[in-house]
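The structure appears below as structure tokens.
Atom set for the values below is all heavy atoms of this structure, side chains included, hydrogens, waters and symmetry mates excluded.
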Amino acid sequence: MASSAELELEGNRLLVTGALDGTALTAFKEHLASDKVRTVVFENSTGGNADVAESYAAAIRASGVRTEMIGQCQAACAYAFLAGTEHRFGRGLYINALMIPVASRPQSADLVGRWRGVGVQKTLADLSGPAVADTSLTADLPAAPAAEAPPPDNWRPDHGVLFTSTPTLFGRIYNTYYCDGTQGRDVSKCELLSDADPYKLGVLTP
């Protein structure tokens, strides 16, 4: 399980590490309200839930700060990252990987505008509604009582659209994949998506 979020203020940059589980949300809002922060940097932030993701994103939008990510940024982190007035991958000799959860494999037409402005919020809303159960393996089992229904957070680990940035001697190489969750941490088993440049899609800003 990912560790809870931790905050560290470095000049006008607020570093956020760990899962966005709400633990540091109040302190995060206070930092942004102080007008001292110009850039929120998410570093190796995985896990979290939809409600907290929207709270972080709302605070970022309201303050008008930029966002940056270093290393891993998944699920809740991805939505908070996209809320910045500018959102960029950090530079350096490390691989950046942004995993945006989606309910199903996106088609080419779906990608256009999906992560710009209200498109981000719509995708988040799709994932924060009641989870859709997979009945293919449980058709013969009795339905669970309503009280035992899962919480409203149906994104799954390692499932979504993955944007990667890898440093090379000739500059960075960007790739985009669709991962269905069965590949675990082995990205080579994900499907490479064509014509899905993160800059063209608005996932990264120049």
Report, one line per pair, each donor and acceptor closer than 3.5 Å where one atom sits in a side chain of residues 26-33; sequence neighbours left out.
none

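- In this structure, the side chain to side chain contact (heavy atoms under 4.5 Å, CB included) partners of K36, at least two apart in sequence or on a different chain, are S34.
- To the nearest 0.5 Å, the span separating CZ on F89 from CE on M69 amounts to 5.0 Å.
- Counting all heavy atoms, side chain and backbone alike, S63 lies closest to I60 at OG-O, 3.1 Å.
- Grouped with L15 in one hydrophobic cluster are V41, I70, Y94, the linkage being side-chain heavy-atom contacts under 4.5 Å among Ile, Leu, Val, Met, Phe, Trp and Tyr residues.
- Note that CG of L20 and CZ of F81 are 13.0 Å apart. Values are rounded to the nearest 0.5 Å.
- Side-chain N or O atoms of H87 include one that pairs as donor or acceptor with a backbone N or O of V203 at under 3.5 Å.
- F42 pairs by the ring-ring contact (aromatic ring centres under 6.0 Å, His included) definition with nothing, not counting sequence neighbours.
- Atoms OG and CG, on S165 and L204 in that order, are 8.0 Å from each other to the nearest 0.5 Å.
- In this structure, SG in C179 is found 12.0 Å from CD1 in I100, a value given to the nearest 0.5 Å.
- Note on L98 and I95: separate hydrophobic clusters, where clusters join Ile, Leu, Val, Met, Phe, Trp and Tyr whose side-chain heavy atoms are under 4.5 Å apart, directly or indirectly.
- Under the 4.5 Å side-chain criterion, counting only non-hydrogen atoms from C-beta, T39 is not in contact with T67.
- Considering only residues two or more places apart in sequence or on other chains, N175 meets the side chain to side chain contact (heavy atoms under 4.5 Å, CB included) condition with T164, I173, Y177, L192.
- With values rounded to the nearest 0.5 angstrom, E43 atom CD is found 11.0 Å from C73 atom SG.
- Y199 meets the ring-ring contact (aromatic ring centres under 6.0 Å, His included) test with Y174; sequence neighbours excluded.
- Within the 4.5 Å cutoff, no side-chain heavy atoms of Y56 are placed close to those of C77.
- Evaluation of the salt bridge (Lys or Arg N to Asp or Glu O under 4.0 Å) test over residues 187-205, restricted to residues two or more places apart or in two chains, returns R105-E191.
- Between the side chain of Y178 and the main chain of S104, no donor-acceptor pair closer than 3.5 Å is present.
- Applying the side chain to side chain contact (heavy atoms under 4.5 Å, CB included) test to D35 and every residue at least two apart in sequence or in another chain returns nothing.
- The two atoms that bring A5 and D21 nearest to each other are N-OD1, 4.0 Å, heavy atoms only.
- Linking Ile, Leu, Val, Met, Phe, Trp and Tyr residues whenever their side-chain heavy atoms come within less than 4.5 Å places L82 and L14 in a single cluster.
- Among residue pairs with one or both ends in residues 5-18, those qualifying as side-chain hydrogen bond (donor to acceptor under 3.5 Å, both in side chains) are R13-E68; sequence neighbours excluded.
- Annotation: side chain to side chain contact (heavy atoms under 4.5 Å, CB included) contacts of R88 (sequence neighbours excluded): E86, T205.
- Residues satisfying the salt bridge (charged side-chain N to carboxylate O under 4.0 Å, His left out) test with R66, not counting sequence neighbours, are none.
- Of the possible donor and acceptor atoms, one in the side chain of Q183 sits under 3.5 Å from a partner among the backbone N and O of D158.
- Applying the salt bridge (charged side-chain N to carboxylate O under 4.0 Å, His left out) test to R172 and every residue at least two apart in sequence or in another chain returns nothing.
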